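On a predicted model such as this, the values are computed, not experimentally measured, just so you know. Quick note: residue numbers are just sequence positions, from 1.
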Amino acid sequence: MAKKMTLEDLKKIREDAQRAAKLREGEGSIKVIVHMGTTGIAAGAREVIAAFTLELSKRNITGVTVVQSGDFILESEEPAVTVVKPNEPKVTYGRMTPEKVSRILVEHILGERIIEEWVVAKEEE
């Protein structure tokens with residue numbers, strides 16, 4: 001027999017859904033763009049965007065918005081992720097995997113250290 005949901009269970013589900021929605025609504029000053037054209041999706045972009053959303057939610061990090069975009073110019077580097085931070089160059093990482101998400105989050109987004117060995121493009125503001 002299935003466990004009955006309590007009011008607290010429902011509140012937690014609602015809060016989790018609201019937090020996930022905020023990650024995609026553009027409220028944060030830092031933006032993570034996951035390139036999700038057909039090539040990116042075929043290469044695993046859905047799993048990458050899910051990993052970013054999960055990590056941000058799990059760590060209760062605010063101020064970061066996760067959005068999707070079309071294909072990245074270098075299809076051989078898909079799935080690609082671009083990190084946009086105020087007053088810093090736009091940095092695009094190639095051949096992303098869900099396993100790389102945590103390191104980008106901790107080192108680049110929170111720690112302000114670009115992971116040079118994964119960079120495929122850097123655009124000055």
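A distance of 10.5 Å separates CD1 of I33 from CD1 of I49, quoted to the nearest 0.5 Å. The OG1 atom of T39 sits 12.5 Å away from atom CD of E77, with the distance rounded to the nearest 0.5 Å. Considering CD1 of I109 and CG of L56, their distance stands at 6.5 Å, rounded to 0.5 Å. Rounded to the nearest 0.5 angstrom, S29 OG and K85 NZ are separated by 9.0 Å.
Counting all heavy atoms, side chain and backbone alike, P86 lies closest to I30 at CD-CG1, 4.4 Å. Residues G94 and K100 approach most closely at O-NZ, 3.9 Å, considering heavy atoms. Across all non-hydrogen atoms, the minimal contact from P79 to G40 is CB-O, 4.1 Å. In plain terms, the two heavy atoms of A45 and V34 that are nearest each other are O-CG1, 3.9 Å.
With sequence neighbours left out, T38 forms a side-chain hydrogen bond (donor to acceptor under 3.5 Å, both in side chains) with no residue at all. With sequence neighbours excluded, the residues satisfying side-chain contact (heavy atoms from CB on, under 4.5 Å) with V91 are Y93, H108, I114, V119, K122. Partners of E107 under the salt bridge (Lys or Arg N to Asp or Glu O under 4.0 Å) rule, at least two apart in sequence or in another chain, are R103, R113. For A80, the side-chain contact (heavy atoms from CB on, under 4.5 Å) partners are H35, F72, E78, T92, not counting sequence neighbours. Qualifying salt bridge (Lys or Arg N to Asp or Glu O under 4.0 Å) partners for E55, counting only residues two or more places apart in sequence or in other chains: K58, R59. For S69, there are no side-chain hydrogen bond (donor to acceptor under 3.5 Å, both in side chains) partners at least two apart in sequence or on another chain. Residues passing the salt bridge (Lys or Arg N to Asp or Glu O under 4.0 Å) test with R46, sequence neighbours excluded: none.
Under the 4.5 Å side-chain heavy-atom criterion for Ile, Leu, Val, Met, Phe, Trp and Tyr, L110 and V66 are members of the same hydrophobic cluster. V48 and I61 fall within the same hydrophobic cluster, defined by Ile, Leu, Val, Met, Phe, Trp and Tyr side-chain heavy atoms under 4.5 Å apart, directly or through other members. In this structure, V106 is not a member of the same hydrophobic cluster as M96, with clusters built from ILVMFWY side-chain heavy atoms closer than 4.5 Å.
Residues I115 and E117 meet the side-chain proximity criterion, which asks for heavy atoms closer than 4.5 Å. Side-chain contact between F52 and V64 is absent, with no heavy atoms from C-beta onward closer than 4.5 Å.
Side-chain atoms of T6 and E8 form no donor-acceptor pair, as typed in the model, at a separation below 3.5 Å.
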